[in-house]
*Asks:* 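This is the structure I want to talk about, given as structure tokens.
These values consider heavy atoms only, across backbone and side chains, with no hydrogens, waters or symmetry-generated copies.
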Amino acid sequence: MSFRLRAAIIVAFALSATAAVTASDMSIAGESIHSVASLSSGDALTTAPAAAQKPAITFAAPREIVQPLASASKADLTYSTESDMQASSLAALVDAHGDAEAVDGDMKCLAGAVYFESKGESLEGQLAVARVIINRAKSGRFADSLCGVVYQPSQFSFVRGHGMPPIRIESNAWREAVAIAQIAMDDSWNSRAEGALFFHARRVSPGWDKAKLAMIDNHIFYR
């Protein structure tokens, strides 16, 4: 074999080896580029090799977003519930009841007594009247129902036989009376005459030998 032929064969062999190495390097880079592209596009679970899929399965970021939202929702709910249960005054509690609801039975008897006995007086005075009627029904010394207490003979001057005079149900006085009756039944506001069983107008002096609890507006309340 001539010197030139051997030289040509050596050069050809060297070029072939270089081409093979270059192709191998490009194949590895192609896999790396494919893996990175799959991770960034969200397709790693279907197109990348198993080793390349692992970094893509991460839920840390979604959990970090979801948790604060859940906490904020719970806080809002707690705040809303507390604000609904609180009232700064008896007047605010009455206003929260809105328009007068349709009432009947014992609730109508109680609201009617508040309306006729303390219409136009302060809300505290109306509440004290309502509490007297409720206290009587619970005491065992009077009738055991609110209507029974209200219609017991010779107890309330507004009673006519076994009924009440007409009520202006569209009036603000009736709205307040119904709200006060509901507040008294729920025991959601303390009366200044808690435990009272009797009351009379200030203009009269029956000379009762009873414990005086409070004087509110035009009435004096006793136990």
*Asks:* Where is the tightest heavy-atom contact between His97 and Ile183, given as atom of each residue plus distance?
*Replies:*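 That would be CE1-CG1, 3.4 Å.
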*Asks:* Kindly work out whether a path of hydrophobic side-chain contacts (I/L/V/M/F/W/Y, heavy atoms less than 4.5 Å apart) joins Ile133 to Ile167.
*Replies:*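 Yes, Ile133 connects to Ile167 through the hydrophobic network.
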*Asks:* Find out whether His200 and Phe221 are in side-chain contact, i.e. whether some heavy atom of one side chain is under 4.5 Å from a heavy atom of the other.
*Replies:*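 No, every pair of side-chain atoms sits at 4.5 Å or beyond.
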*Asks:* For Trp174, enumerate each residue passing the ring-ring contact (aromatic ring centres under 6.0 Å, His included) test, keeping only those at least two apart in sequence or located in another chain.
*Replies:*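 Only Tyr115 meet the ring-ring contact (aromatic ring centres under 6.0 Å, His included) criterion with Trp174.
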*Asks:* Between Ile134 and Val159, is there shared hydrophobic-cluster membership here, with clusters defined by ILVMFWY side-chain heavy atoms closer than 4.5 Å?
*Replies:*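 Yes; Val159 is reachable from Ile134 via cluster members.
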*Asks:* Backbone N or O of Gly207 within a donor-acceptor pair of the Ser205 side chain at under 3.5 Å?
*Replies:*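 Flag not set: sc Ser205 to bb Gly207 has no pair under 3.5 Å.
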*Asks:* Under 4.5 Å between side-chain heavy atoms, hopping through other hydrophobics if needed: is there a path connecting Phe116 to Ile216?
*Replies:*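 Linked within one cluster.
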*Asks:* Any side-chain heavy atom of Ser171 within less than 4.5 Å of one from Lys119?
*Replies:*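 SC-SC contact between Ser171 and Lys119 ruled out.
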*Asks:* Can you pull the salt bridge (charged side-chain N to carboxylate O under 4.0 Å, His left out) pairs that have at least one residue in residues 203-220, sequence neighbours excluded?
*Replies:*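 Qualifying pairs, neighbours excluded: none.
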*Asks:* Can you give each donor-acceptor pair under 3.5 Å made by side-chain atoms of residues 142-156, sequence neighbours left out, with the distance rounded to 0.1 Å?
*Replies:*
{"unit_1": "Ser145", "atom_1": "OG", "unit_2": "Gly148", "atom_2": "N", "d": "2.9"}
{"unit_1": "Gln155", "atom_1": "OE1", "unit_2": "Arg136", "atom_2": "NH1", "d": "2.7"}

*Asks:* Distance only, no hydrogens: is a donor on one side chain within 3.5 Å (strictly under) of an acceptor on the other, for Gln126 and Glu117?
*Replies:*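 There is no such pair between these side chains.
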*Asks:* Can you list, pair by pair, the side-chain donor-acceptor contacts under 3.5 Å of residues 190-199, counting residues two or more places apart and other chains?
*Replies:*
{"unit_1": "Ser191", "atom_1": "OG", "unit_2": "Ala193", "atom_2": "N", "d": "2.9"}
{"unit_1": "Glu194", "atom_1": "OE2", "unit_2": "Ser191", "atom_2": "N", "d": "2.7"}

*Asks:* When rounded to the nearest 0.5 angstrom, what distance separates CE in Met185 from CZ in Arg131?
*Replies:*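 Met185 CE to Arg131 CZ: 9.0 Å, rounded to 0.5 Å.
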*Asks:* Give a yes or no on whether Ile169 and Val94 share a hydrophobic cluster (residues Ile, Leu, Val, Met, Phe, Trp, Tyr; joining criterion: side-chain heavy atoms under 4.5 Å apart).
*Replies:*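 No, it is not one cluster - the side chains of Ile169 and Val94 are not joined through contacts under 4.5 Å.
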*Asks:* With Ala130, which residues qualify under side chain to side chain contact (heavy atoms under 4.5 Å, CB included), at least two apart?
*Replies:*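 With sequence neighbours excluded, Ala130 shows a side chain to side chain contact (heavy atoms under 4.5 Å, CB included) to Leu110, Val114, Ile180, Ala184, given in chain and number order.
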*Asks:* Give a yes or no on this: more than 12 heavy atoms of other residues, nucleotides or ligands lie within 6.0 Å of atom CG of Asn172.
*Replies:*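 Counting other residues, nucleotides and ligands, CG of Asn172 exceeds 12 neighbours.
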*Asks:* Same cluster or not: Trp208 versus Leu213, using hydrophobic residues (I, L, V, M, F, W, Y) connected whenever any side-chain heavy atoms lie under 4.5 Å apart?
*Replies:*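 In one cluster: no.
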*Asks:* Please evaluate residues Met215 and Arg202 with respect to the criterion side-chain contact (heavy atoms from CB on, under 4.5 Å), reporting the C-alpha separation (whole Å), side-chain torsions for both, the decisive distance (0.1 Å), and the verdict.
*Replies:* CA-CA 8 Å; Met215 297 191 336; Arg202 289 196 188 198; 3.4 Å; yes
*Asks:* Using the salt bridge (charged side-chain N to carboxylate O under 4.0 Å, His left out) rule, collect all pairs that involve residues 161-190, keeping only residues at least two apart or in two chains.
*Replies:*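 Matches after skipping sequence neighbours: Asp95-Arg175, Arg168-Glu170.
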